[in-house]
A.B. asks: 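I'd like to ask some things about the structure below.
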Amino acid sequence: MGEEDSIYTQDGTVDYRGDPAVRTKTGTWKACPFILGNEFCERLAYYGMSSNLVLYFKNHLNQHSATASKNANNWSGTCYITPLIGAFLADAYLGRYRTIAAFSIVYVIGMTLLTLSASVPGLKPTCVAKDDCHATAAQSAVCFVALYLIALGTGGIKPCVSSYGADQFDDADETEKKHKSSFFNWFYLSINVGALIASSVLVWVQENVSWGWGFGIPAMAMAIAVVSFFSGTRLYRNQKPGGSPFTRICQVVVASFRKYEVKVPENKALYETADNESAVVGSRKLDHTDDFRFFDKAAVELESDEMLKGTVNPWKLCTVTQVEELKAIIRLLPVWATGIVFAAVYSQMGTLFVLQGDKMDAHIGPNFEIPAASLSIFDTLSVIFWVPVYDRIIVPMARKYTGHPNGITQLQRMGIGLFISIIAMLSAAILELVRLQEVRRHNYYELDHMPMSIFWQVPQYFLIGCAEVFTFIGQLEFFYEQAPDAMRSLGSALSLTTVALGNYLSSLLVTIVTKVSTKDGSPGWIPDNLNYGHIHYFFFLLVILSVKNLIAYLFIAKWYKYKRPLGTLR
């Protein structure tokens with residue numbers, strides 16, 4: 001950590017810009033392999049544990065299908081809410097380097113405890129057959145404590161790693177800035193290479209060897225992730241934390257309401273520091289914008305705001321940059337909200353898609369059977385296919401027609417992904433409709449696996465993967481670029497919370513439709529035996545929500561104004 005401190009100047013400036021020798025030796029693609037290696041191993045650990053979790057809950061903790069689906073969604077959602085904690089600590093106090101280091105230790109402890117809960121007699125559930133297990137309340141509790149320790153650990157890693165990687169590229173250098181956009185594509189590719197191994201090899205180990213090894217291997221992968229991260233310490237560029245972003249936001253709100261009767265000058269003569277650097281550490285100045293003008297009142301200078309010993313009371317008078325930070329966050333929120341329904345669609349891969357595939361024929365040849373959760377490998381393969389296609393073919397071609405450095409804007413990219421997700425859910429719904437027709441036609445109701453190949457699920461997984469490349473990677477880049485400089489971890493965390501709320505939305509929808517559809521003794525849409533169910537109704541419900549969400553997104557994207565930074569990073 002001494003190396004991290006050594007590249008700070010006394011006023012908090014990242015000194016690689018002032019020292020050409022330090023600049024040459026640090027950052028860019030020289031530092032990124034260690035960050036990408038860390039993300040690859042961490043995602044291998046995460047997906048190796050989570051891909052098959054719904055079946056572990058159902059078969060080993062003896063939970064009903066709807067309960068297992070809700071618990072998996074709730075845990076996954078928590079994994080995407082805790083990044084708000086990590087982002088706050090990184091932006092305000094610790095910096096991204098120390099936050100990743102500290103939370104990685106919590107993550108490893110959680111993975112170790114989960115492995116013990118699935119392998120140590122007395123902690124692991126008692127099984128009378130392969131998928132006939134019974135867990136005591138204490139055994140279930142140990143499992144969930146481990147899972148939520150992992151959720152806390154991932155909260156310090158998720159929002160910081162992508163931002164930390166992007167920090168290695170200097171916005172003031174046009175060449176490096178262009179490479180930053182490519183970094184987000186390859187960052188997401190590393191996630192999916194890890195997920196590819198997890199959803200194939202590790203799921204097979206869980207189904208055919210043991211859950212002890214199935215959780216133990218991800219635990220070892222997480223330990224390797226920590227080693228990879230620390231190995232690149234001397235190559236990293238670090239930015240000093242800028243203080244609590246929530247405090248700065250509250251200062252603008254308080255100062256605005258204190259001056260609610262003050263009229264904003266027509267000439268827009270608002271308070272800002274005189275030099276080129278922003279008063280906010282780790283941030284460039286931001287140009288004034290005309291929307292949300294009520295908050296401009298916080299930057300109107302009054303005689304009562306006179307300086308005390310050369311300093312300004314920020315609860316009474318704020319800089320234009322500080323006001324624009326709040327405006328930038330407000331502008332992000334509608335875009336952020338439209339990601340929730342997309343995340344609800346994405347979450348089906350770990351729940352209802354798995355349960356759907358579990359009722360189908362999973363044989364490859366006479367002797368090998370692919371686990372239902374391993375079908376997510378086609379989502380991963382789709383991402384691995386589309387990332388280089390997008391980066392090397394689509395972007396250069398689009399750039400020729402649009403003149404935009406990235407081919408298309410980040411908002412256009414996300415909108416395309418939202419549209420593709422609708423097609424993915426239609427594919428899943430139509431497949432289930434056809435599957436149930438075969439069940440009724442041949443009376444397959446009581447079969448554990450009906451004679452219909454699980455590989456009919458491939459199109460829906462492949463389409464979800466394609467949608468991810470456009471929407472999720474677009475979100476990563478959009479929230480990093482459009483968040484204020486000193487709130488970039490918070491911006492990354494905001495993009496991740498859409499996944500959390502998408503999981504919670506899916507869980508809420510499952511709860512509602514289960515309660516409504518099981519009245520009068522009906523098996524409902526999502527019974528334990530899906531051959532009696534109607535999960536295609538649930539998929540069509542998500543299609544309807546996705547169409548409405550896309551329409552709302554188009555209006556929001558047309559309204560949105562991109563951030564306009566000025567000056568240099570302090």
Side-chain angles (χ1 to χ4, degrees), residues 1 4 8 12 14 35 39 42 76-107 110 148-167 229 236 238-254 278-284 286 314-315 318 321-333 335-337 339-340 475-476 478-501 503-504 563 569-570:
M1 294 192 187
E4 183 191 29
Y8 294 151
V14 186
I35 296 171
E39 184 64 9
E42 189 273 330
S76 182
T78 303
C79 287
Y80 288 89
I81 283 289
T82 53
L84 288 173
I85 301 171
F88 172 76
L89 292 174
D91 282 341
Y93 304 114
L94 299 179
R96 288 188 259 280
Y97 179 89
R98 290 188 178 95
T99 302
I100 295 170
F103 280 78
S104 292
I105 295 170
V106 177
Y107 200 131
Y148 281 89
L149 275 174
I150 293 165
L152 177 61
T154 196
I157 298 173
K158 283 181 187 291
C160 296
V161 174
S162 61
S163 298
Y164 196 52
D167 287 346
F229 179 73
Y236 298 144
N238 299 274
Q239 294 182 16
K240 192 172 183 178
S244 171
F246 297 118
T247 299
R248 294 199 301 277
I249 287 172
C250 289
Q251 287 169 343
V252 175
V253 173
V254 170
S278 166
V280 180
V281 175
S283 178
R284 292 167 291 181
L286 293 173
W315 295 96
C318 303
T321 294
Q322 199 173 337
V323 172
E324 291 300 323
E325 280 189 330
L326 174 58
K327 290 183 181 181
I329 295 298
I330 294 173
R331 286 190 205 99
L332 286 175
L333 292 178
V335 180
W336 165 82
I340 295 172
Q475 277 184 345
L476 275 175
F478 179 78
F479 280 88
Y480 177 87
E481 290 288 345
Q482 296 304 308
D485 293 335
M487 298 186 186
R488 279 175 162 171
S489 293
L490 181 62
S492 296
L494 270 177
S495 70
L496 292 168
T497 56
T498 62
V499 180
L501 295 178
N503 277 278
Y504 292 146
K563 184 179 75 173
L569 188 67
R570 177 168 182 256

A.B. asks: Return the minimal non-hydrogen interatomic distance between Ala87 and Ser489, and the atom names on each side.
C.D. replies: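 Residues Ala87 and Ser489, closest heavy atoms: CB-O, 3.2 Å.
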A.B. asks: Can you name the nearest heavy-atom pair linking Phe479 to Ser495, along with the distance?
C.D. replies: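 Nearest heavy atoms, Phe479 then Ser495: CD1-CB, 3.5 Å.
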A.B. asks: Less than 6.0 angstrom separating the ring centers of Tyr504 and Tyr80, yes or no?
C.D. replies: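 So the answer is no for these two rings.
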A.B. asks: For residues Ile150 and Gly110, report the shortest heavy-atom separation together with the two atoms involved.
C.D. replies: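 Minimum heavy-atom contact is CG1-C, 3.6 Å.
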A.B. asks: Please check if the side chain of Thr82 supplies one atom and the backbone of Ala151 the other of a donor-acceptor pair under 3.5 Å.
C.D. replies: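 Checking the backbone N and O of Ala151 against the side chain of Thr82, a donor-acceptor pair under 3.5 Å is found.
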A.B. asks: Determine, stepwise, if the pair Leu490 / Leu84 fulfils side-chain contact (heavy atoms from CB on, under 4.5 Å).
C.D. replies: CA-CA 7 Å; Leu490 181 62; Leu84 288 173; 4.2 Å; yes
A.B. asks: Treating Gln322 as the side-chain partner and Arg248 as the backbone partner, does any N or O pair qualify as donor plus acceptor under 3.5 Å?
C.D. replies: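 Answer holds: yes.
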A.B. asks: Could you walk me through whether Asn238 and Asp167 pass the side-chain contact (heavy atoms from CB on, under 4.5 Å) check?
C.D. replies: CA-CA 7 Å; Asn238 299 274; Asp167 287 346; over 6 Å; no
A.B. asks: First locate atom CG of Leu494, then atom CG of Leu496, and finally report the distance between them rounded to the nearest 0.5 Å.
C.D. replies: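 Leu494 atom CG to Leu496 atom CG measures 9.0 Å (nearest 0.5 Å).
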A.B. asks: Is there a side-chain contact between Ser104 and Ile157 in this structure, where contact means two heavy atoms from C-beta onward sitting under 4.5 Å apart?
C.D. replies: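 A side-chain contact exists here, since the closest heavy-atom pair is under 4.5 Å.
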A.B. asks: So, taking the atom named NZ in Lys327 and the one named CD in Glu324, what distance separates them when rounded to the nearest 0.5 Å?
C.D. replies: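 That separation rounds to 4.0 Å.
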A.B. asks: Mind checking the CG-CD1 spacing from Leu326 to Ile329? Nearest 0.5 Å is all I need.
C.D. replies: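 Going from the CG atom of Leu326 to the CD1 atom of Ile329 covers 8.0 Å.
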A.B. asks: Give me the atom names and distance for the closest heavy-atom approach of Glu325 to Leu286.
C.D. replies: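 Shortest heavy-atom contact: N-CD1, 4.0 Å.
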A.B. asks: Nearest 0.5 Å, please: how far is CD1 in Ile340 from CG in Asn503?
C.D. replies: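 Atom-to-atom, Asn503:CG and Ile340:CD1 are 11.5 Å apart.
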A.B. asks: Atom CE of Met487 and atom CZ of Phe88: how far apart are they, to the nearest 0.5 Å?
C.D. replies: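 Spacing of CE (Met487) from CZ (Phe88) equals 11.0 Å.
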A.B. asks: Check Gly156 against Thr99 and note the closest heavy-atom contact, atom names and distance.
C.D. replies: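 So the two residues come closest at O-CG2, 3.6 Å.
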A.B. asks: For Tyr236 and Phe229, indicate whether the former's side chain and the latter's backbone hold a donor-acceptor pair under 3.5 Å.
C.D. replies: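 Here the side-chain-to-backbone pair exists.
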A.B. asks: How close do Leu332 and Gln482 get, heavy atom to heavy atom, and via which atoms?
C.D. replies: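 That closest heavy-atom pairing would be CD2-CB, 3.7 Å.
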A.B. asks: With a 4.5 Å limit on heavy-atom distance, are the side chains of Thr247 and Trp315 in contact?
C.D. replies: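 The answer is yes, as the side chains (C-beta and beyond) meet within the 4.5 Å cut-off.
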A.B. asks: Strictly distance-based, threshold 3.5 Å: is any side-chain N or O of Ser492 a donor or acceptor partner for the main-chain N or O of Arg488?
C.D. replies: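 Answer holds: yes.
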A.B. asks: Find out whether Phe103 and Thr154 are in side-chain contact, i.e. whether some heavy atom of one side chain is under 4.5 Å from a heavy atom of the other.
C.D. replies: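 No. Closest side-chain heavy atoms not under 4.5 Å.
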A.B. asks: Could you give the distance from CD1 (Ile35) to OG (Ser163), rounded to the nearest 0.5 Å?
C.D. replies: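 Rounded to the nearest 0.5 Å, the CD1-OG separation comes out at 10.5 Å.
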